[in-house]
Amino acid sequence: MTEPTDRAPATEAAGYDPAAVERKWQERWEKQGTNQTDVENGVRPFYALMMFPYPSAEGLHVGNLFAFTGNDIYGRFQRLQGHTVFEPLGFDAFGIHSENFALKVGTHPADLIPRNIDNFRRQLKRSGLMIDWGHELSTTDPAYYKWTQWLFLQLFERGLAYKKGAAVNWCPNDKTVLANEQVIAGECERCGAKVEQRFLEQWFFRITDYSSRLLANLDWLDWSESTKLAQRNWIGRSDGAEVSFRVQDLADFTGTATIATGLSGEYAARPLDIRVFTTRPDTIFGATYLVVAPEHPLVAALTTDDQRDAVGEYRERAAKQDIVTRRVSKEKTGVFTGSFATNPATQQPIPIWVADYVLMEYGTGAIMAVPGHDERDFEFARTFDLPILRVVAGNDADTHGPLDAPYTETQHVHLVNSGEFNGLGVEQAKHAIVAWLAAAGHARGVVNYRLHDWCISRQRYWGPPIPIIYCDGCGTVPVPEADLPVELPYVEDFRPDDTGVSPLARVESWYRVSCPRCGGQARRETDVSDTFLDSAWYFLRYPSTDFDDVPFDEALTKKWLPVTSYIGGNEHAVLHLLYSRFITMVLKDAGRLDFEEPFTRFRAHGMIVRDGAKMSKSRGNVVNPDEYVERWGADTFRTYLMFLGPYEEGGDFRDQSVAGVRRFLDRLWTSAVDARTDGAPDAAVLRKLHQTIKKVSEDIPALAYNTAIAAMMAYLNVVRRDERPAHRDEVLPLVQLVAPFAPHIAEELWERFGHDASVFDAGWPTFDPALAAEDAVTIAVQVNGKMRGTVTVPAGSAQEAAIAAAMADQNIAKFVVAAPKKVIFVPGRLLNLVV
RNA sequence: GCCCGGAUGGCGAAACGGGUAGACGCAAGGGACUUAAAAUCCCUUUCCCGCAAGGGAGUGCCGGUUCGAGUCCGGCUCCGGGCACCA
């Protein structure tokens with residue numbers, strides 16, 4: 001399947017030897033510094049950023065190359081437009097990925113990673129990317145992670161980094177804590193193992209402080225809509241209300257028990273209120289019970305003596321239960337507390353339950369259950385035989401009968417069984433009811449976000465140590481900036497164990513340290529930070545890699561940032577891109593940056609599959625770029641990758657189709673080396689040329705690479721239509737157009753046409769509308785909307801001329817059986833005669 | 001379950017704000033060149049009827065708007081991706 005089946009490339013016949021051409025130009029670029037950016041003095045700076053890769057042992061993935069080539073073409077095009085383009089690349093080499101692989105092959109990651117990076121660099125260099133290797137970075141370099149640690153301190157100082165005990169996602173296979181974002185449907189993002197729940201002390205970043213800002217800015221960012229949407233959903237703004245339910249003293253109702261609160265602070269004083277969050281305050285007349293999360297601080301207070309055992313047991317089970325089962329199993333479980341609260345709308349007593357389908361992390365950790373109009377509440381009510389009321393109905397008949405399914409419709413419906421609010425629509429009712437409850441002090445409008453704080457602690461080895469020291473006397477002390485970096489020690493045995501602490505906790509010589517404040521005995525934090533922190537600021541570092549006394553130089557940052565164009569995969573739509581935005585905002589607030597959005601423009605590229613199936617090692621259909629570059633040349637491979645489908649949608653990689661692109665370059669080569677200089681270029685060819693210049697110039701910025709290539713192919717077909725050799729002026733501009741896609745062959749042909757300097761310093765062909773204009777147009781002719789033929793008329797012809805031409809055509813005229821009742825004429829396009 | 005994409009020839013795919021469906025490429029068939037093959041070049045290629053001229057049908061399915069729908073609207077089906085008890 002992966003074996004190349006077709007014939008050898010047309011090397012000899014065409015005289016085009018990509019291996020030789022590519023070697024020559026890669027050497028020359030390197031020698032002449034063609035791809036090096038003058039970051040200090042470059043004019044019209046254009047920062048063309050691509051998401052840096054994780055340097056895996058398998059080498060460069062074709063998906064990487066697809067992404068990079070797309071960025072490279074855009075960058076080269078901008079350079080040809082007169083920008084100073086900065087196209088750096090680095091390596092995201094910390095993290096569980098590397099560590100797990102190192103464990104598997106029994107090599108230390110510190111030995112493995114440099115080897116992988118060397119291999120990546122080699123592969124990237126032969127791919128013809130315009131990378132400025134003078135600004136390469138690796139997140140594992142102490143000179144880099146020194147500043148990652150510095151970043152942590154910036155957040156710490158501003159109160160944005162804090163430590164708390166938390167139920168966390170624990171991967172029993174990787175033996176580490178995972179961020180919520182790294183848990184995919186209850187499984188570890190990296191290894192697929194079922195995630196469990198553990199309770200650990202963790203470092204968090206207060207990204208939730210920035211929820212509304214992160215959300216609001218999306219409105220004006222020039223990003224792929226799909227990415228913005230993913231972020232919006234992730235941040236998850238919910239507009240709703242917080243409603244208070246007064247807990248009733250059981251004595252008033254049953255005369256058997258009273259509520260022992262035993263609480264301090266906010267809840268100490270009776271009467272007791274339970275605050276719930278709801279997005280459907282309009283349904284409050286249908287709230288027939290309350291549910292609080294098992295972890296809710298009021299549970300003990302709410303539980304009556306006769307329910308104490310059952311509730312205790314339930315909470316214990318919930319605490320032990322892994323997050324997976326709790327999340328994935330939709331089966332409703334719960335237990336009655338024995339207490340009741342008053343529904344502030346109906347004044348009726350409703351029971352208070354404890355159930356794990358209510359999450360402590362969201363809202364207030366308590367809900368009002370409206371089983372008639374919420375699927376989960378309905379299911380729960382069915383299970384425990386709780387009353388189900390209808391308070392919303394559609395306009396159609398039979399809406400007052402009993403409900404056998406939750407009715408969740410919100411459009412074209414109205415309230416019923418809701419007192420004075422009957423007849424109102426959902427939106428109206430929300431406002432009216434919240435206002436009504438608020439007047440009595442029972443409710444207020446509230447906005448909630450799904451976004452959680454970012455847990456950055458990792459109980460692993462292969463990451464930057466978190467720069468914190470714990471002193472018995474002084475408490476939690478940040479490592480002074482002057483002492484950075486806190487170097488990751490070389491440890492032979494870096495395996496995580498299931499104690500829940502980092503392997504660094506086993507290195508006493510490393511963690512024992514004197515307190516920077518009092519000099520007393522102290523110990524280092526042994527957790528390392530999340531890889532996503534490494535990648536949340538790397539784009540700030542690139543221009544400033546030569547500076548070791550600052551994370552990013554002020555002047556260079558002003559010049560190059562925010563990033564002009566960022567291209568990457570949508571798999572990072574919520575994690576990396578959100579964290580980068582957050583970190584940038586924090587640095588802005590800290591006065592370190594004068595912008596708060598790091599990426600002015602972002603475009604997500606599509607995914608590339610092979611023969612209609614996802615590429616995977618197990619399927620054995622992974623494309624190894626080396627083989628293809630070897631066989632066809634980097635120019636052909638690059639151009640093919642961009643030709644196989646729309647860049648932002650991805651496409652289907654087919655071995656057979658690579659040949660077509662190679663044939664195109666072969667023909668381009670032949671036409672160029674055989675080009676004549678005598679005589680004049682053909683007018684019709686020039687017309688097509690200028691149409692092509694226009695098309696390609698418009699397509700590249702839109703990342704419509706596939707159609708740009710198609711247009712160049714079509715043009716070359718026109719150039720070659722006649723027997724005579726092409727004229728130099730017909731081919732030379734095509735060499736320029738093709739340069740962003742196939743840089744080596746373009747340089748070679750450009751040189752053969754007598755130029756000394758790089759084609760990338762020669763500018764872009766200019767489009768001349770006058771030369772592109774057609775003097776005759778073919779327009780479609782319809783009779784009664786049905787295609788009956790075409791007529792060719794001089795450009796700019798009026799309706800009358802078009803009709804005359806159409807009627808002169810017997811095949812069209814025969815359908816015009818009567819005088820047209822109506823004529824639709826679209827100049828240059830179409831004529832429709834309605835008879 | 002919810003939210004996004006998508007569905008067009010044998011295949012990958014084109015089609016600017018409704019306006020000649022299938023550009024460009026692959027594969028296939030035929031031809032030229034060659035002792036032969038490869039490479040290269042030329043022609044054909046959505047389907048059906050027809051020797052042809054020409055005609056009919058056709059962009060996942062059903063319906064609608066319009067002079068005109070791949071494109072817009074309503075209702076489905078299937079495929080891909082993401083989220084998942086978020087009240």
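Every chain is numbered from 1, with letters handed out A, B, ... down the list of sequences.
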What's the gap between [N] and [M] when it is taken at their [atom1] atoms, as a whole Å value?
{"N": "B:U59", "M": "B:U46", "atom1": "C1'", "answer": "11 Å"}
{"N": "B:U44", "M": "B:C26", "atom1": "P", "answer": "16 Å"}
{"N": "B:G82", "M": "B:A87", "atom1": "P", "answer": "22 Å"}
{"N": "B:C4", "M": "B:C72", "atom1": "P", "answer": "15 Å"}
{"N": "B:U66", "M": "B:C79", "atom1": "P", "answer": "35 Å"}
{"N": "B:A23", "M": "B:G12", "atom1": "C1'", "answer": "14 Å"}
{"N": "B:G55", "M": "B:C42", "atom1": "P", "answer": "31 Å"}
{"N": "B:A13", "M": "B:C85", "atom1": "C1'", "answer": "42 Å"}

Assigned partner base of [N], Watson-Crick or wobble definition, under 3.5 Å:
{"N": "B:G17", "result": "none"}
{"N": "B:C47", "result": "B:G56"}
{"N": "B:G5", "result": "B:C79"}
{"N": "B:A87", "result": "none"}
{"N": "B:C24", "result": "B:G12"}
{"N": "B:G63", "result": "B:C73"}
{"N": "B:U40", "result": "B:A32"}

Do any side-chain nitrogens or oxygens of [X] fall under 4.0 Å of OP1 or OP2 in [N]?
{"X": "A:Arg667", "N": "B:C41", "result": "yes"}
{"X": "A:Ser238", "N": "B:A87", "result": "yes"}
{"X": "A:Asn717", "N": "B:A23", "result": "no"}

Distance in angstrom units between [X] [atom1] and [N] [atom2], rounded:
{"X": "A:Gln656", "N": "B:C24", "atom1": "CD", "atom2": "C1'", "result": "17 Å"}
{"X": "A:Gln782", "N": "B:G19", "atom1": "CD", "atom2": "P", "result": "11 Å"}
{"X": "A:Gln231", "N": "B:C4", "atom1": "CD", "atom2": "P", "result": "17 Å"}
{"X": "A:Phe664", "N": "B:A23", "atom1": "CZ", "atom2": "C1'", "result": "15 Å"}
{"X": "A:Met607", "N": "B:C79", "atom1": "CE", "atom2": "C1'", "result": "13 Å"}
{"X": "A:Arg721", "N": "B:C41", "atom1": "CZ", "atom2": "P", "result": "16 Å"}
{"X": "A:Trp234", "N": "B:A84", "atom1": "CH2", "atom2": "C1'", "result": "10 Å"}
{"X": "A:Glu375", "N": "B:C2", "atom1": "CD", "atom2": "P", "result": "8 Å"}

Any idea how [X] and [Y] line up, ring-wise: parallel (<30°), tilted (30 to 60°), or perpendicular (>60°)?
{"X": "A:Tyr357", "Y": "A:Phe380", "answer": "tilted"}
{"X": "A:Tyr647", "Y": "A:His605", "answer": "tilted"}
{"X": "A:Trp353", "Y": "A:Phe384", "answer": "tilted"}

List, one per line, each side-chain donor-acceptor pair under 3.5 Å for residues 279-288 of chain A, sequence neighbours excluded.
from	atom 1	to	atom 2	distance (Å)
A:Arg280	NE	A:Asp282	OD1	3.1
A:Arg280	NE	A:Asp282	OD2	3.3
A:Arg280	NH2	A:Asp282	OD2	2.9
A:Thr283	OG1	A:Arg280	O	2.7
A:Thr288	OG1	A:Pro387	O	2.8

Sequence-aligned protein contact record of nucleotides 51-58 of chain B, with B where the base is within under 4.0 Å of a protein heavy atom and S where only the sugar-phosphate is: ---SSSS-
Nucleotides 9-15 of chain B: protein proximity per nucleotide (B base, S sugar-phosphate only, - neither; heavy atom, under 4.0 Å): --SBSS-
Under a 4.0 Å N-O cut-off, is there an ion pair linking [X] with [Y]?
{"X": "A:Asp655", "Y": "A:Arg610", "value": "yes"}
{"X": "A:Arg275", "Y": "A:Asp273", "value": "no"}
{"X": "A:Arg382", "Y": "A:Glu379", "value": "no"}

Remember a base hit wins even if backbone is also touched, and classify [X] as base, sugar-phosphate or nothing at under 4.0 Å, heavy atoms.
{"X": "A:Arg720", "value": "sugar-phosphate"}
{"X": "A:Thr790", "value": "base"}
{"X": "A:Ala714", "value": "sugar-phosphate"}
{"X": "A:Asn233", "value": "sugar-phosphate"}

Distance-minimising heavy-atom pair for A:Asp377 and A:Val370: OD2-N, 2.9 Å
Nearest atoms (heavy-atom pairs only) where A:Phe741 meets A:Thr639: O-OG1, 3.7 Å
Base B:C67 paired with A:Lys821 side chain (donor-acceptor, <3.5 Å): no
5' precedence on RNA chain B between A:Tyr449 and A:Lys614 (nearest-nucleotide basis): A:Lys614
Toward the 5' end of RNA chain B, by each residue's nearest nucleotide, A:Ile824 or A:Ile709: A:Ile709
Anti or syn - B:G12, cut at 90° from 0: anti
If you only use heavy atoms from C-beta on, which nucleotide in [options] is closest to the side chain of [X]?
{"X": "A:Leu229", "options": "B:C3, B:U20, B:G25", "value": "B:C3"}
{"X": "A:Lys822", "options": "B:C67, B:C4, B:A87", "value": "B:C67"}
{"X": "A:Arg663", "options": "B:A87, B:C67, B:C26", "value": "B:C26"}

Any donor-acceptor pair under 3.5 Å from A:Thr408 side chain to A:His373 backbone: no
Within 45° cone and under 6.0 Å: A:Arg390 NZ/CZ vs A:Tyr407 ring: yes
Donor-acceptor pair between A:Thr778 and A:Thr790 side chains, under 3.5 angstrom: no
Donor + acceptor pair across side chains of A:Asp699, A:Thr707 (<3.5 Å): yes
